[in-house]
Amino acid sequence: MNTKNSKSFVDDFMAYAKSKDPGQPEFHQAVHEVVESLADYLLDNPRYLHAKILERLIEPERIIQFRVPWTDDRGNININRGFRVEMNSAIGPYKGGLRFHPTVNQSILKFLAFEQVLKNSLTSLPMGGGKGGSDFDPKNKSDNEVMRFCQSFMTELSRHIGQYTDVPAGDIGVGGREIGFLFGQYKRLRNEFTGVLTGKGVEWGGSLIRPEATGYGAVYFAEEMMKTRGESFKGKTVAISGSGNVAQFACEKVLELGGKVVTLSDSSGSIHDPDGIDTEKLSYVMELKNAHRGRIKEYAEKYGVPYLKGQRPWSIKCDVALPCATENEINLEEAKTLITNGCFVVAEGANMPSNEEAVHLFLATKILYGPGKAANAGGVAVSGLEMTQNSMRLAWSREEVDTKLHSIMKNIHEMCVKYGSESSDFTNYVKGANIGGFVKVANSMMAQGLV
Ligand code: NDP
């Protein structure tokens, strides 16, 4: 095996992965990126090959799929599909979010769970990897409908999770409201108040800074990358996609650090505010999206700025791009446009927002490119800190949690540099994050025998 060159190693492995799970393109995309950057390292360290660590890593320890029946406000019966992918528990209980979105399927959840394993390892906290969710669409549903759905979903999920087993959190379509309904139903069914979910409200076991953590963390990571070139956010023009949890708090932190955010988006289109989204406008976005569940188009109408219907924001000139919406939202053409326009930093708040060709271009042009599993690890890191606080039955202050988050993001950056540094002035953060995340999980799997 170790005599093969890395290209044929990657090709052989991908042929194996695809033959096992045909029809899972997102999962293959995520595996391919990891295997590509691990190949040389594995060929130099054949003990991992002999132990078939890679083959074991892409095989979920368990996948649960279940029926979620619920009634809407008119009394109609609806049937959705629920999932939990318990990917890897070598370094801790399964940990990863729940996504409620009509596109949810096994391929998407396996890609997210696979990424989560390496991401959680990078945080240095004891968390394995998992992901779950449903093809349920919370859009245009009443609070009561969302509650009935969450209660039905948790009625089955509660059999499979627990504070020492599997601790879900939020993701797309699952915010504070949904976590509340899910937690309430778990507590009722099990008659216990435990840290079984993270992202809880602060009055009932949540951690301060958890809502902010992914967005803040992505900006802290971008800041660390920029420091390596003597740069900072001060005076930089920043394009952000999305307008949900991650995008909102990424925007907040960029403003704090002196940057100018000129775009936000949702699945219907993008706004371009050349004067910059200030704190007052950001408060409006938070109110619009979180309280009224409105559309970003309304921002353009209120402030009289251009609305790019059906478009992503990457045609807008910027120094820094923070994709914070969803997977595969930067393709090769968009990556080229960003670079031509002078963008030199891409830090991914979302999971796998850049497609493979875009990633290759970012690496080839040697811009500062921070992949999601490193750049957006702040969310799960603070979820880990929420678990710690729940176990200790005490709560840390905002400053304490933010300081810990900041230092975790700096450590992740250092880990990426350690494994991904290719010359005195270039770090391949993809390689760094993948090897850095892999080593701890792989060694733990080796130590625990063939399980
Ligand atoms: P939210 O549901 O709060 O927001 C998602 C945002 O992305 C919305 O603006 C939504 O627009 C947009 N969006 C969703 N799907 C699409 C699509 N198919 N095309 C275009 N836009 C889309 O989710 P989060 O902010 O929590 O998550 C955003 C990303 O960050 C995801 O990739 C998630 O996996 C990742 N992430 C989140 C973490 C967290 O702590 N929340 C942690 C780590 C990663 P619309 O309202 O129109 O649907």
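Order of appearance sets the numbers: ligands from 1, and atoms from 1 within every ligand.
Below 3.5 Å of separation, one finds no N or O of Gly242 facing any N or O of ligand 1. Between Lys119 and ligand 1, no pair of N/O atoms sits closer than 3.5 Å. Between Lys139 and ligand 1, an N or O atom pair is found at a separation short of 3.5 Å. In terms of polar-atom proximity, defined here as any N/O pair under 3.5 Å, Ser268 makes no such contact with ligand 1. Residue contacts with ligand 1: Asn376 is placed with no nitrogen or oxygen under 3.5 Å of a nitrogen or oxygen of the ligand (distance criterion only). Remark: ligand 1 and Asn351 share an N or O pair separated by less than 3.5 Å (distance only, no angle test).
Among Asp171, Leu264, Asp137, the residue whose heavy atom lies closest to atom 34 (O) of ligand 1 is Asp171. For atom 10 (C) of ligand 1, the candidate residues are Gly217, Ala213, Ser267; the nearest heavy-atom contact is made by Ser267.
Atom CG of Leu255 and atom NZ of Lys281 lie 10.5 Å apart (nearest 0.5 Å). Here SG of Cys251 is found 5.5 Å from CG of Leu264. Values are rounded to the nearest 0.5 Å. Taken from CE in Met225 to OH in Tyr369, the straight-line distance is 9.5 Å, to the nearest 0.5 Å.
Closest to atom 38 (C) of ligand 1, if we only count protein heavy atoms, is Thr214 OG1, 3.6 Å. Here the heavy atom of the protein found nearest to atom 4 (O) of ligand 1 is Gly244 CA, 3.4 Å. In terms of protein heavy-atom proximity, atom 24 (P) of ligand 1 is nearest to Val246 CG2, 3.8 Å. Of all protein heavy atoms, the one closest to atom 3 (O) of ligand 1 is Asn245 N, 2.9 Å. What sits closest to atom 18 (N) of ligand 1 on the protein, heavy atoms only, is Thr326 CG2, 3.7 Å. Ranking protein heavy atoms by distance to atom 46 (O) of ligand 1, first place goes to Arg295 NH1, 3.5 Å. Annotation: atom 28 (C) of ligand 1 to nearest protein heavy atom, Ala325 O, 3.2 Å. If you check which protein heavy atom lies closest to atom 2 (O) of ligand 1, you get Gly173 N, 3.0 Å.
At a threshold of 4.0 Å, the pair Glu333-Lys336 counts as salt-bridged, since one of the basic side-chain nitrogens sits closer than that to a carboxylate oxygen. We find that Lys227 and Glu224 are joined by a salt bridge, their nearest charged nitrogen and carboxylate oxygen being less than 4.0 Å apart.
Between the side chains of Tyr299 and Asp273, at least one donor N or O sits under 3.5 Å from an acceptor N or O. A donor-acceptor contact under 3.5 angstrom links the side chains of Asp402 and Tyr220, judged on distance only.
Ligand 1 lies out of reach of Arg312, whose nearest heavy atom is not under 4.0 Å from it. Heavy-atom separations between Ala169 and ligand 1 are all 4.0 Å or longer.
Remark: ligand 1 atoms within the under-4.0 Å shell around heavy atoms of Gly349 are 30 (O), 35 (C), 36 (N), 44 (C). Atoms of ligand 1 found under 4.0 Å from any heavy atom of Ser265 (numbered from 1 in listed order, with element): 9 (O). Taking a cut-off of under 4.0 Å to the non-hydrogen atoms of Ser243, the atoms of ligand 1 that pass are 9 (O).
In this structure, Phe193 has its ring center under 6.0 Å from that of Phe183. Aromatic rings from Phe149 and Phe100 are positioned such that their centres are separated by under 6.0 Å. For Tyr216 and His406, the ring centers sit 6.0 Å or farther from each other.
Here the rule is side chain to side chain contact (heavy atoms under 4.5 Å, CB included) with Phe362, and of Leu368, Val345, Ile367 only Ile367 fits it.
Enclosure of atom CD in Glu192 by more than 12 non-hydrogen atoms of other residues, nucleotides or ligands within 6.0 angstrom is indicated. Around the NZ atom of Lys297, the shell of radius 6.0 Å holds no more than 12 heavy atoms that belong to other residues, nucleotides or ligands.
Looking at His101 against ligand 1, only its side chain comes within 4.0 Å, counting heavy atoms. At a 4.0 Å heavy-atom cut-off, ligand 1 does not touch Gln116 at all. Within the 4.0 Å heavy-atom criterion, neither part of Pro353 lies near ligand 1. At a heavy-atom distance under 4.0 Å, only backbone atoms of Cys324 (N, CA, C or O) approach ligand 1. Within the 4.0 Å heavy-atom criterion, the part of Arg99 lying near ligand 1 is the side chain and not the backbone.
Side-chain atoms of Asn78 come within 3.5 Å of backbone N or O of Asn76 as a donor-acceptor pair.
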>> Using the rule given for side chain to side chain contact (heavy atoms under 4.5 Å, CB included), can you reason through Val262 versus His272, listing the C-alpha separation, both sets of side-chain angles and the distance that settles it, and then say yes or no?
In response: CA-CA 6 Å; Val262 293; His272 175 207; 4.2 Å; yes
